[in-house]
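Heads up, the thing below is written out as structure tokens.
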Number of protein chains: 2
Amino acid sequence: MSTDTDNDLSLESQLCFSLYAAQLAVGRTYRRLLNELALTYPQYLVMLVLWERDGQGVSRIGELLHLNSATLTPLLKRLETAGLLVRQRSSTDERQVTVTLTEEGSALRQRAACIPAQAFDASHCSPEELASLKASLDQLRHNLDQ
Amino acid sequence: MSTDTDNDLSLESQLCFSLYAAQLAVGRTYRRLLNELALTYPQYLVMLVLWERDGQGVSRIGELLHLNSATLTPLLKRLETAGLLVRQRSSTDERQVTVTLTEEGSALRQRAACIPAQAFDASHCSPEELASLKASLDQLRHNLDQ
DNA sequence: TCAATATAGATCGTGCGCGATTTAATTGCA
DNA sequence: TGCAATTAAATCGCGCACGATCTATATTGA
């Protein structure tokens, strides 16, 4: 594909670009699926974390999603405004903000239950392919994070 | 991994989240590498396109990168302000804007030549792994775009 | 020929991401 | 005890992404 003297800035649109484009495509797919729930894709990820374990601090959520407070704070405020969760300062450590689902936030889980299957259908890939892809991506992310 | 009655919204943080997190990690890696060139990662992708074939229209660039004009127009204006390219209305079709590299924009290619190898090193993955990952991602994106 | 349609970019509004900085609370240790 | 260092969020500024809409130009066909 490239000569040995070629620094290959064109083909370099290789993995990094494929990953970028695939992520944008997944984002578009989830935008359609989540439109009904009035959630964005990053908001959905936060809800996944809270549905799995409610009452976490902002830092812990950021650790799990690899996002920092500059991203999370406004996102959580929007979810609070939407009535899906409550942010309150911890009484034992006033520096921390505990994020807790509201009744409505918990209930939304039922309506979201169909999302994974729909996303799977849209991928037109086998479970084996997707599992292998996931493993490679996790490995890559881990390596890049040192 | 999950029971058959489990809708698995937790494990669902499966592929979609791995892809999301991997893309963020790659973005952070490239941010470091591109800092020297004063380019952002999306700007770098546009430059890759132009280094490969100069003098394209905005739509064509958007087609190649899967980005629309709402994203590209301001991005291209920033690259123009930086002196890397020129945007001018086509004389044959006044609707089109032709994007052309400046001397400086073309020259930047030399300084970018080391980026792919550095990114490869940071991945700590084998070429085979990365090629296989790229193929899966391209397939996935293609399927999601229908 | 000229009004309907299509096409190319630009613009607007919203919501991420994140480096850098700030504010406030807690901890540690001299 | 007291104050420097640390930690947790919040804030600021910038640059994507993109749905929706707008403007200008080009095409088309009755």
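Hydrogens, waters and symmetry mates are skipped; everything else that's a heavy atom, side chains included, is used. In what follows, every chain begins at residue 1, and chains take the letters A, B, ... in the order their sequences are listed.
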Would you give the length of the straight line joining atom [atom1] of [X] to atom [atom2] of [Y], rounded to the nearest 0.5 angstrom?
X      : Y      : atom1 : atom2 : answer
A:R87  : A:T73  : CZ    : OG1   : 6.5 Å
B:S136 : A:L130 : OG    : CG    : 9.0 Å
B:L64  : B:Q56  : CG    : CD    : 6.0 Å

Using a 4.0 Å heavy-atom cut-off, does B:R32 contact any base of the nucleic acid, only the sugar-phosphate backbone, or nothing at all?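 Nothing: the residue B:R32, judged by heavy atoms under 4.0 Å, touches no strand.
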So what does B:G57 touch, heavy atoms closer than 4.0 Å: a base, only the sugar-phosphate, or nothing? sugar-phosphate
What do you reckon, is CD of B:Q118 surrounded by more than 12 foreign heavy atoms closer than 6.0 Å? yes
Without decimals, in angstroms, what is the distance between [X] [atom1] and [N] [atom2]?
X     : N      : atom1 : atom2 : answer
B:N35 : D:dC14 : CG    : P     : 16 Å
B:L65 : D:dA17 : CG    : P     : 10 Å
B:L79 : D:dC16 : CG    : C1'   : 12 Å
B:R87 : C:dA8  : CZ    : P     : 17 Å
A:L34 : C:dC16 : CG    : C1'   : 14 Å
B:R89 : D:dT23 : CZ    : C1'   : 10 Å
B:N68 : D:dC18 : CG    : C1'   : 5 Å
B:Q23 : D:dC16 : CD    : P     : 13 Å

If you take any heavy atom closer than 4.0 Å to DNA chain D, which residues from residues 136-146 of chain B end up in contact?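 Result for residues 136-146 of chain B: none.
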Sorted by number, residues from residues 70-78 of chain A placing a heavy atom under 4.0 Å from DNA chain C are A:A70, A:T71, A:L75, A:R78
Short side-chain N/O contact to [N] OP1/OP2 from [X], under 4.0 Å:
X     : N      : result
A:T40 : C:dG15 : no
A:Q43 : C:dC16 : yes
A:R28 : D:dA17 : no
B:Y20 : C:dG17 : yes

By nearest atom, which of the nucleotides D:dA9, C:dC18, D:dA17 is closest to the B:R31 side chain? C:dC18
Residue A:P42, side-chain atoms from C-beta onward, closest of D:dC18, C:dG17, C:dA10: C:dG17
Please determine, by modelled atom types, if B:D138 and A:S18 share a side-chain donor-acceptor pair under 3.5 angstrom.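 Yes, side-chain donor-acceptor contact under 3.5 Å.
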Mutual orientation of the aromatic rings belonging to A:Y20 and A:F17 [parallel < 30°, tilted 30-60°, perpendicular > 60°]: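 Ring orientation, 0 to 90° scale: tilted.
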Which class fits the ring pair A:Y30 and A:Y44: parallel under 30°, tilted 30 to 60°, perpendicular over 60°?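 The arrangement is tilted - the two ring planes meet at 30° to 60°.
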Donor-acceptor pair under 3.5 Å, B:S59 side chain vs C:dA8 base: no
Please assess A:R89 against A:E94 for the test salt bridge (Lys or Arg N to Asp or Glu O under 4.0 Å), listing each intermediate value before the final yes or no. CA-CA 6 Å; A:R89 291 275 162 192; A:E94 291 271 335; 5.8 Å; no
Atom pairs, protein N/O to nucleotides 24-28 of chain C N/O, distance under 3.5 Å:
from	atom 1	to	atom 2	distance (Å)
C:dT26	OP1	A:E94	N	3.0

For A:A25, is there any backbone N or O sitting under 3.5 Å from a side-chain donor or acceptor partner on B:R141?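 Between the backbone of A:A25 and the side chain of B:R141 there is no qualifying donor-acceptor contact (under 3.5 Å).
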Do the side chain of B:W51 and the main chain of B:G105 share a donor and acceptor less than 3.5 angstrom apart? yes
Do the charged groups of A:E63 and A:R60 touch, with an N to O distance under 4.0 Å? yes
Side-chain heavy-atom pair A:I61, A:L67 within 4.5 angstrom cut-off: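 Of all side-chain heavy-atom pairs linking A:L67 with A:I61, none is under 4.5 Å.
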